[in-house]
Amino acid sequence: MIEVQNLHKSFGAQKVLRGIDLRLDKGKVLVIIGPSGSGKTTLLRCFNLLEQPDIGTLRVGEIVLDFKEGFKPKQEQILKLRKQSGMVFQAYHLFPHMTAAGNVMEGLITVQKKNKAEARRVSLELLERVGLGNKADSYPHMLSGGQQQRVGIARAMAVNPEVLLFDEPTSALDPELVGEVLRVMKSLASSGMTMIVVTHEMKFAAEVADRIILMDSGRIIEEGSPQEVFQNPKSPRAAQFLNILTENK
Amino acid sequence: MDERKVQILMDSLLPLLKAAVAFTVPLTLTSFALGLVLAVITALVRLSHWRIGRLVARFYVWIIRGTPLLLQLFIIFFGLPSIGIILDPFIASVIGFSLSVGAYGSEIVRAAIQSISAGQWEAAYSIGMTRSQALRRIILPQAARVSVPPLANAFISLVKDTSLAASITYVEMFRTAQEIVAITFEPLLLYSEAGVLYLMLSTLLSGLQNFLERRLSRYTTR
């Protein structure tokens, strides 16, 4: 289970998150949408402490951290929390000096101290699952964007996380490559993976999300099932944003 | 060219080569190896959160870059004995050159580490790595590739700079040439000959650089 309560985060004088509360049960998919600068990526990055909240409670799996003024989590708390999640980045951020299998094995070997043969076996399984069983020994620069991102997904899954975090996973892709990545994400969702996805892919959100939150200026302004959010937005600001999105289609 | 000069050339070739192999090359390799270790440590300290360490590292680089190498060698070899530290010319030279490579090299290594995108750190952290694991497994291997050309520059400079050790009585190739000049009175001939040998050494090193770059470019960074 994932939970945040009253989460605040500022960069200098700029308030990026102004009191976020949300809860996500195991096996559910949460999609975060909102205009750029609304704080959705910052919120996502708080879940694995790539950003540290200023104030608020953060719970991922069994780890609970209570942020307030003067509190800095210890290194081991940060590591423990990070082991609960895997992250998929907009720009993939694969390790360019390692093969696809090497990328997936890295967390297993360096972090989980598994032996090489075992790590290799797991990595091949995962690459198979994202449809790249035949690319195990290719270096990232030899792969298309869509393939790289699927390796990114396999790498994030390798450490067997409680939750997968996706930061606009298809935004850097050529349009014809978006589908292959979304298909992998759909199949993960239907296999019961807990996922939090920041995306602009509304069709994906409508089909896959159990819950959608719409953020604006650091707050959640709309929350509910895809149906509720897309069909009957309660706030005028949400309606306006959704209108712009559908006009752009 | 008259016969005498040809004879001097031939006769001096062996001693010069011997001096290169027995003194110039070992001095270069030892100083570069130690200097490189010093460079990486200094760069890491400068990029760390350790304030006093950062200050010390900056001070070290400031001193070494801001004073002549020849003067540093003189302080180590001729100056330190007056406070009771007497060093053999080889040791004094290694200390001087290592400190120099360490200071200049640390800037190369620091720049190379900083050239690796923040996304690589974040990806490493996101799979649960500590800072030192991320450095060792993800950042340094990529930084190594970036730093090969500038480090090769430093290496080739060092080969030539070792001739400064002649002035603190270390009999390497240049000093050997000087000694032969003192007997034969043929400075143009002997120094040109030594020059050709230095040129051969640095050409060999450029070849090594090419080899390393090819080996490390099995992947390409963005």
Side-chain angles (χ1 to χ4, degrees), chain A residues 41 44-45 47-51 75-76 78-100 102-113 137-143 145 148 151-152 154-161 163-167 172, chain B residues 40 43-45 47-51 53-54 108-152 209-222:
Chain A
T41 290
L44 190 77
R45 288 160 62 88
F47 289 116
N48 66 355
L49 297 184
L50 286 182
E51 304 293 352
Q75 174 72 5
E76 59 187 74
I78 295 177
L79 290 174
K80 258 186 174 168
L81 190 118
R82 285 200 179 128
K83 280 172 190 161
Q84 307 285 311
S85 65
M87 189 170 221
V88 177
F89 298 88
Q90 179 175 0
Y92 334 132
H93 296 329
L94 295 185
F95 306 132
H97 57 305
M98 297 175 180
T99 61
N103 267 273
V104 183
M105 287 160 69
E106 189 53 33
L108 296 168
I109 291 175
T110 306
V111 180
Q112 297 193 342
K113 312 288 181 203
D137 297 316
S138 302
Y139 283 90
H141 72 97
M142 300 153 78
L143 302 173
Q148 290 190 50
V151 174
R155 177 178 69 181
M157 287 163 58
V159 286
N160 200 17
V163 56
L164 277 185
L165 309 170
F166 293 83
D167 184 13
Chain B
V40 173
L44 291 179
V45 169
L47 293 172
S48 74
H49 298 293
W50 178 32
R51 278 187 73 127
R54 278 200 324 252
I108 295 173
V109 174
R110 188 168 68 99
I113 290 174
Q114 287 180 319
S115 76
I116 308 303
S117 81
Q120 290 292 309
W121 285 100
E122 292 183 350
Y125 288 150
S126 79
I127 57 174
M129 284 192 187
T130 62
R131 189 181 150 84
S132 66
Q133 285 171 336
L135 251 180
R136 192 166 42 80
R137 298 284 307 167
I138 308 302
I139 306 300
L140 286 181
Q142 296 181 61
R145 177 175 176 273
V146 178
S147 57
V148 165
L151 281 179
Q209 174 189 353
N210 286 335
F211 169 77
L212 264 178
E213 280 184 36
R214 265 202 313 278
R215 263 216 62 155
L216 290 171
S217 68
R218 283 167 301 177
Y219 67 91
T220 47
T221 38
R222 294 181 175 241

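Numbered from 1 within each chain, the chains take letters A, B, ... in sequence-line order.
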K.L.:
With sequence neighbours excluded, what pairs up with A:Ile109 under the side-chain contact (heavy atoms from CB on, under 4.5 Å) test?
P.N.:
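Expected list: A:Met105, A:Lys116, A:Ala119.
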K.L.:
I need the residue from B:Met129, B:Gln133, B:Glu122 with the largest number of non-hydrogen atom pairs under 4.5 Å to chain A.
P.N.:
B:Glu122
K.L.:
Which atoms of A:Leu94 are under 4.5 Å from chain B, going by heavy atoms: the side chain, the backbone, both sets, or neither?
P.N.:
backbone
K.L.:
Using only heavy-atom distances, determine whether the side chains of A:Thr99 and A:Asp137 contain a donor-acceptor pair under 3.5 Å.
P.N.:
no
K.L.:
Kindly say whether A:Leu143 contributes a backbone atom to a donor-acceptor pair with the side chain of A:Gln148 at under 3.5 angstrom?
P.N.:
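Between the backbone of A:Leu143 and the side chain of A:Gln148 there is a qualifying donor-acceptor contact (under 3.5 Å).
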K.L.:
Donor-acceptor check, side chain of A:Arg155 to backbone of A:Asn103, threshold 3.5 angstrom: yes or no?
P.N.:
no
K.L.:
Write down the atom of A:Glu106, the atom of B:Ile138, and the distance for their closest heavy-atom approach.
P.N.:
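Result for this residue pair: CG-CD1, 4.2 Å.
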K.L.:
Count the heavy-atom pairs under 4.5 Å between each of A:Val88, A:Val111, A:Leu165 and chain B, then report the option with the highest count.
P.N.:
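Answer, by heavy-atom pair count under 4.5 Å with chain B: A:Val111.
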K.L.:
Which one wins on heavy-atom pair count under 4.5 Å against chain B: A:Asn48, A:Val159, A:Leu50, A:Ile78?
P.N.:
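Highest number of pairs under 4.5 Å: A:Leu50.
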K.L.:
Measuring heavy-atom distances to chain B, does A:Phe95 have an atom under 4.5 Å in its side chain, in its backbone, in both, or in neither?
P.N.:
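Both backbone and side chain.
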K.L.:
With sequence neighbours excluded, tell me which residues meet side chain to side chain donor-acceptor pair (under 3.5 Å) with A:Gln84.
P.N.:
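Result, side chain to side chain donor-acceptor pair (under 3.5 Å) vs A:Gln84: none returned.
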K.L.:
Pick one of side chain, backbone, both or neither for A:Arg45, based on which atoms fall under 4.5 Å of a heavy atom in chain B.
P.N.:
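Side chain only.
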K.L.:
Please state whether the side chain, the backbone, both or neither of A:Ser85 comes within less than 4.5 Å of a heavy atom of chain B.
P.N.:
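Contact with chain B involves the backbone of A:Ser85 alone.
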K.L.:
Between A:Gln112 and chain B, which part of the residue has a heavy atom less than 4.5 Å away: side chain, backbone, both or neither?
P.N.:
neither
